[in-house]
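Before any comments, here is the structure.
This chain uses plain numbering: 1 for the first residue, then up along the sequence. Quantities reported herein were computed from a predicted structural model and do not represent experimental measurements.
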Amino acid sequence: MSEAPGARGAQLDALRGRLRSFGGVVEAMADCALVVGADGRFIRASESVRAVLGYEPEEMIGRSPGEFTHAEDVAPGDEKVAEARVTAGHVAAPSFVARVRHKRGGWRYLSSVLLDLTSEPLYGGILMLVRDVTARELAKRELADKSALLRNAQRLAGLGSWRFDPESARFECVRALLELHGAAPRGSEEYLTLTPEEVRETLLAGVCEDDRARVEAFMLGPHDEGEPTIEYCVTRPDGGRRHLAGRLQIGRGSQALLGAVQDITQRRESETRLREREELLEIAQRLSNTGSWSIELPGGSTSWSEQMYRIHGVSPETFALPGVDAQVTAFVHPDDAAAIHAALARALAAGESPPPLEYRIRRPDGEVRHVLAHASQTIFSERGAPARIVGAVQDVTERTRAERERERLLGELADKNAELERFTITATHDLKSPLLTIQGFLRFIERDLERGDVTRARADLGRVARAAETMRQLLDSLLDLSRVARPVEPVTVSLSEVARAIVRCVSASGAGARARIVIDAPLPDARGDRARISTALQHLIENAVTFTGDQEAPTVRVHAELIQGGAWVRCGVTDNGVGVDPQFHERIFGLFERLDPGSPGAGIGLTVSRRVIEAHGGELWVESAGPGAGCTFYFTLPADTDAPARDRPATPAAPPARA
């Protein structure tokens, strides 16, 4: 760059008058003076050249300026010398800045003003008034380099800056600001000056309509002190939308606004994608009932996802998450806590992920849940040390219950299959026995008739009839058993009416005729299938009457009471008969089980009764001190009351008082 000499014209005119000798030039110049002769070589040099370039004045004489000047500045210097000769006598003396090599090495920036004093006898050439401007030029170049770096940085960062002075209404901005807003650039200048109206026509034209008024107020003010921020979107000429964020700083001591805008489209898109993934993760965790967690190493501080709080029955708003050890103490079931403490301690000490752990947790409300904890991976720091362990906890309560129910059902199925096998064998045997009897005595009857022995034939027919009756009883029992599996359609059942009807029927039979059957009145009403409840109670009463033994006064008592707040009826059939040894209390309910093979019946009645009661959600069991002590068969049924439904009542520790 060159100095403008116009402002110094008066000084140069005065200088011409004073320069009557070369010594005058030396006195006038603070730096140094050189004279270039007609042959283009130095013919004079001031003493101050020593301070500027390190040369003695004598070393400069006879040498051309090009020997000391940077190659890139030689031609421009020659042009200025030629210009000085052309403008000889004019006030506007040419000037320029060139790089000149110092004697000790390195380049110095010198500013030279040229005066053609060839016609002056004391000079006889071009006078170069030289000043060292190295510091200034280096500062200018450093500023230019930093400006270029700033411009490149702004482009790379998608950043545009501006300055607005409300007093002068000058809006100065970098070219990148127009590019961010999708506005057409004006010329090739890096820095632009716009009026407020031009700002509205260019920068604000692409701003989305909903944001335009806010952006205009943000860029053109007025503002109070502070650093306002804004986010808005622009529509570019290609139709694409970009999201921009701006920050404003109000100049101190003035109303000038300094602002910058950055393209945050990628950040917004990344935030949107991250938010969508977090939402999908939250949905997946809810659907799978799985929560995620992390443990910081060292220290053991933890963080939970929303689903983790739900699994443990607490809220992040009301529950302050403690460390790992405190979590185990607070939530893990006491029977599992020791094993979990040990596993976590080993893992944290080794900086490794703990193995999969299945255990029980106890929520604050007391509910016990089963969970499965997985540590997915260990995250290491830049130095390679374990920094964090992340994993997940899944609530597997329903799965655990289902597995247990499956095992129970498989066990029941195995029992049913075994029972079915016994049933098939026994039923086949029991059905075949009366058939064989019938077949055999039919042959006897045929022989009796051939002989004409009518009396013997009649006796044989009686045996056939009894065998047929046995088969009928067996088939009826099997039919009762098949009906047990039908769905229950509950109605109000008066146990008193059912018991009285059964007693009337049983009392008409042989064994029932001699037994005294007592019904405690009134019996509570139950809720269930009347026909099946009647069948179950009839089997129990008939069983009590049948096994009265040798009692002189056989007695059967039917009694009932409400239990568990009136939600259930517990009914009992008590006899003073032969009793049951405690070791056979469960066996007697098995299909075709008869402790006395000679006793009447097919051994199905108690099995049918238990299945009927269980189909209603109740239980059937026997209580007896042993042989000869009599027994009581208890069963429970839902009561026909307004009491709330309860779980199946537990088997009582002792039966009610017996008659």
Side-chain angles (χ1 to χ4, degrees), residues 143-282:
L143 179 60
D145 291 341
K146 289 182 177 179
S147 297
L149 287 174
L150 178 60
R151 290 194 299 272
N152 290 334
Q154 288 187 355
R155 283 197 175 93
L156 291 174
L159 190 69
S161 57
W162 81 89
R163 179 182 185 277
F164 177 63
D165 185 358
E167 294 182 1
S168 63
R170 286 172 59 87
F171 187 94
E172 300 169 339
C173 66
V174 296
R175 184 184 184 90
L177 185 63
L178 274 72
E179 296 173 354
L180 287 174
H181 281 249
R186 298 188 172 193
S188 59
E189 294 83 2
E190 188 62 36
Y191 297 96
L192 306 171
T193 300
L194 306 175
T195 65
E197 187 58 36
E198 289 174 331
V199 170
R200 297 183 182 94
E201 293 176 354
T202 55
L203 289 175
L204 301 182
V207 176
C208 297
E209 186 174 354
D210 293 342
D211 298 331
R212 194 169 300 158
R214 291 192 304 117
V215 177
E216 179 177 347
F218 179 75
M219 288 186 169
L220 301 178
H223 292 278
D224 296 329
E225 292 186 2
E227 293 187 357
T229 59
I230 191 173
E231 288 190 12
Y232 58 98
C233 70
V234 297
T235 303
R236 301 173 69 89
D238 59 4
R241 281 199 170 190
R242 310 295 293 178
H243 293 274
L244 306 180
R247 179 178 292 276
L248 192 65
Q249 181 176 354
I250 302 172
R252 295 181 179 179
S254 70
Q255 292 300 313
L257 308 178
L258 304 176
V261 169
Q262 185 176 18
D263 189 333
I264 60 169
T265 303
Q266 290 185 347
R267 189 193 77 187
R268 288 285 296 272
E269 292 175 350
S270 298
E271 290 174 349
T272 300
R273 288 194 297 269
L274 178 60
R275 184 168 58 253
E276 291 173 349
R277 291 176 181 176
E278 289 177 345
E279 290 173 353
L280 289 175
L281 177 60
E282 176 66 17

query: If you look only at pairs with a residue in residues 230-246, which of them pass as a salt bridge (charged side-chain N to carboxylate O under 4.0 Å, His left out), with sequence neighbours excluded?
result: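 Listed by first then second residue: E231-R267, E231-R268, R242-D263.
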
Spatial distance of atom [atom1] ([X]) from atom [atom2] ([Y]) [nearest 0.5 Å]:
{"X": "E216", "Y": "D211", "atom1": "CD", "atom2": "CG", "answer": "13.0 Å"}
{"X": "R200", "Y": "E198", "atom1": "CZ", "atom2": "CD", "answer": "11.0 Å"}
{"X": "E172", "Y": "S161", "atom1": "CD", "atom2": "OG", "answer": "10.5 Å"}
{"X": "L248", "Y": "M219", "atom1": "CG", "atom2": "CE", "answer": "9.5 Å"}
{"X": "T202", "Y": "L178", "atom1": "OG1", "atom2": "CG", "answer": "5.0 Å"}

- request: Evaluate the side-chain proximity of L244 to H181: yes if any heavy-atom separation is below 4.5 Å, no if none is.
  value: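 Yes - at least one pair of side-chain heavy atoms lies under 4.5 Å apart.
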
Write down the atom of [X], the atom of [Y], and the distance for their closest heavy-atom approach.
{"X": "P196", "Y": "A169", "result": "CD-O, 3.4 Å"}
{"X": "L180", "Y": "G160", "result": "CD1-N, 3.4 Å"}
{"X": "F218", "Y": "L257", "result": "O-CD1, 4.5 Å"}

query: Is the F171 ring parallel, tilted or perpendicular to the W162 ring (thresholds 30°, 60°)?
result: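 Plane angle under 30°, so parallel.
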
message: For E269, I'd like to know if atom CD has over 12 heavy atoms of other residues, nucleotides or ligands within 6.0 Å.
response: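 Above 12, so yes.
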
Residues forming a side chain to side chain donor-acceptor pair (under 3.5 Å) with S270, sequence neighbours excluded: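 For S270, the residues satisfying side chain to side chain donor-acceptor pair (under 3.5 Å) (neighbours in sequence not counted) are R273.
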
- request: Name all residues meeting the salt bridge (charged side-chain N to carboxylate O under 4.0 Å, His left out) criterion together with E209; count only those two or more places apart in sequence or in a different chain, and write none if there are none.
  value: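 Result, salt bridge (charged side-chain N to carboxylate O under 4.0 Å, His left out) vs E209: none returned.
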
task: Look at the side chain of T265 and the backbone N and O of H243, then say whether any donor-acceptor pair between them is shorter than 3.5 Å.
output: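 Checked: pair present.
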
query: Is it true that a side-chain atom of R170 and a backbone atom of T193 form a donor plus acceptor pair closer than 3.5 Å?
result: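 No, R170 side chain to T193 backbone: no donor-acceptor pair under 3.5 Å.
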
